[in-house]
Amino acid sequence: MSTEIGVRARPNRRDTIIDAAEGLFAERGVDAVSIRNIADAAGVKLSLVTYHFPSKDQLFAEVLVRRSGALTTARLDQLRARRGADGFDLAKLIDCFIRPLLEMALKDDTGWRNYVHLIVQIAQSPKYSKRAAALYDENSKVFIETLLELFPNASRENAIRAWVYLVSVMLGAFSSTGRVETLSNGQLSADPDVAYESMCKFIVAGMHSLMQE
């Protein structure tokens, strides 16, 4: 059967619902969003949302997991491509981990920007941080092992603590709180792409010091 030119395929309503939830969760926070809000934003009936996702928690879980695989894969691909090359060092290891998040945050894609904003929010939330950690811990463990290869005399404790500090600084830099603009009276920008180089220098210096103890 032929398809008429100019006729678009009907959008996947399940994906439309996830997109709407992702945007609202990022904008308002998970707890402030209702299933009714999501249905309205998606332009579908409430019953269709509950058909696909019987609870908001299930929908939230789907929002978190949908893009996590792409991010972890991008990080591991960067690490595999650069790990065996000459001159691979701590700065390059850190870049392999953070740059994929930066590139996704800067994509001309509202969905990815919403996802990055949401991950930053929940990673600092006592209520939801473990949900995000469960998706990314295995990825971080690969990087921690690589860190120990770069510093074979360092303790595993220091490697783990150094990695936790890295993630905390990274999330802070991506959080868009406006503190940099406020403290500089608007002369500086906290945009992650502007702050990237100085953030990485700060992380490298701190981790290098700790790993040499």
Side-chain angles (χ1 to χ4, degrees), residues 14-15 17-35 37-38 41 49-50 52-79 93-94 96-105 107 110-148 154-177 179 192 199-200 202-203 206-207 210-211:
R14 187 175 187 276
D15 286 342
I17 292 166
I18 298 172
D19 288 341
E22 184 177 61
L24 289 175
F25 290 156
E27 178 185 355
R28 305 180 190 177
V30 179
D31 291 339
V33 176
S34 68
I35 292 291
N37 296 148
I38 295 167
V49 179
T50 56
H52 287 292
F53 306 99
S55 70
K56 188 175 79 170
D57 189 68
Q58 289 178 332
L59 178 51
F60 175 51
E62 186 64 28
V63 167
L64 290 182
V65 76
R66 183 175 62 158
R67 299 184 194 272
S68 64
L71 179 54
T72 55
T73 296
R75 284 169 166 165
L76 291 174
D77 286 347
Q78 288 262 347
L79 183 60
L93 173 67
I94 291 168
C96 288
F97 186 77
I98 302 179
R99 185 168 294 278
L101 184 66
L102 175 69
E103 292 176 348
M104 289 169 179
K107 275 187 175 184
T110 302
W112 268 110
R113 291 197 298 272
N114 286 336
Y115 182 78
V116 171
H117 187 54
L118 176 61
I119 286 296
V120 168
Q121 284 186 52
I122 66 171
Q124 301 176 71
S125 162
K127 184 175 181 180
Y128 296 116
S129 59
K130 290 183 180 179
R131 301 285 289 273
L135 295 174
Y136 293 103
D137 276 359
E138 291 306 312
N139 190 246
S140 287
K141 288 176 183 178
V142 172
F143 278 83
I144 290 170
E145 293 303 321
T146 309
L147 177 62
L148 284 166
S155 68
R156 181 168 295 274
E157 177 184 348
N158 280 0
I160 292 171
R161 292 190 185 281
W163 204 258
V164 171
Y165 301 152
L166 176 155
V167 172
S168 296
V169 173
M170 177 188 72
L171 292 173
F174 280 80
S175 65
S176 302
T177 60
R179 288 291 289 153
M199 172 187 66
C200 287
F202 180 84
I203 293 171
M207 291 183 72
L210 187 56
M211 295 302 289

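Keep in mind that the numbers below use all heavy atoms, side chains included, and drop hydrogens, waters and symmetry copies. Quick note: residue numbers are just sequence positions, from 1.
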Shortest non-hydrogen contact from Ile144 to Ala159? CG2-CB, 4.1 Å
With sequence neighbours left out, the residues meeting side-chain hydrogen bond (donor to acceptor under 3.5 Å, both in side chains) with Asn139 are none
Name all residues meeting the side-chain contact (heavy atoms from CB on, under 4.5 Å) criterion together with Ala134; count only those two or more places apart in sequence or in a different chain, and write none if there are none. none
Set of residues satisfying side-chain contact (heavy atoms from CB on, under 4.5 Å) with respect to Pro192, sequence neighbours excluded: Leu102, Phe174
Taken in chain and number order and not counting sequence neighbours, the residues that satisfy salt bridge (charged side-chain N to carboxylate O under 4.0 Å, His left out) with Asp15 are none
Residues at least two apart in sequence or cross-chain that pass side-chain contact (heavy atoms from CB on, under 4.5 Å) with Val167, listed by chain then number, are Phe97, Trp163, Met170, Leu171
If the condition is ring-ring contact (aromatic ring centres under 6.0 Å, His included), which residues does Phe60 pass it with, not counting sequence neighbours? Phe25, Tyr128
Under a 3.5 Å distance rule, please check whether Gln124 uses its side chain to pair with a backbone N or O of Val120 as donor and acceptor. yes
Can you check whether Leu59 reaches His52 side chain to side chain, under 4.5 Å on heavy atoms? no
Residues at least two apart in sequence or cross-chain that pass side-chain contact (heavy atoms from CB on, under 4.5 Å) with Arg156, listed by chain then number, are Glu145, Leu148, Ile160
With sequence neighbours excluded, what pairs up with Arg67 under the side-chain hydrogen bond (donor to acceptor under 3.5 Å, both in side chains) test? Glu22
By side-chain hydrogen bond (donor to acceptor under 3.5 Å, both in side chains) - contacts of Asn37 (at least two apart): Ser34
Do Ile98 and Met199 have side-chain heavy atoms sitting under 4.5 Å apart? yes
Start with the C-alpha gap between Leu24 and Asn114, add the side-chain angles, then the distance that decides, and say whether side chain to side chain contact (heavy atoms under 4.5 Å, CB included) holds. CA-CA 9 Å; Leu24 289 175; Asn114 286 336; over 6 Å; no
side-chain hydrogen bond (donor to acceptor under 3.5 Å, both in side chains) against Tyr136, all qualifying residues, sequence neighbours excluded: Tyr115
Which salt bridge (charged side-chain N to carboxylate O under 4.0 Å, His left out) pairs, counting each pair once, include a residue from residues 157-177, with sequence neighbours left out? Glu157-Arg161
Arg113: which residues meet the salt bridge (charged side-chain N to carboxylate O under 4.0 Å, His left out) condition with it, sequence neighbours left out? none
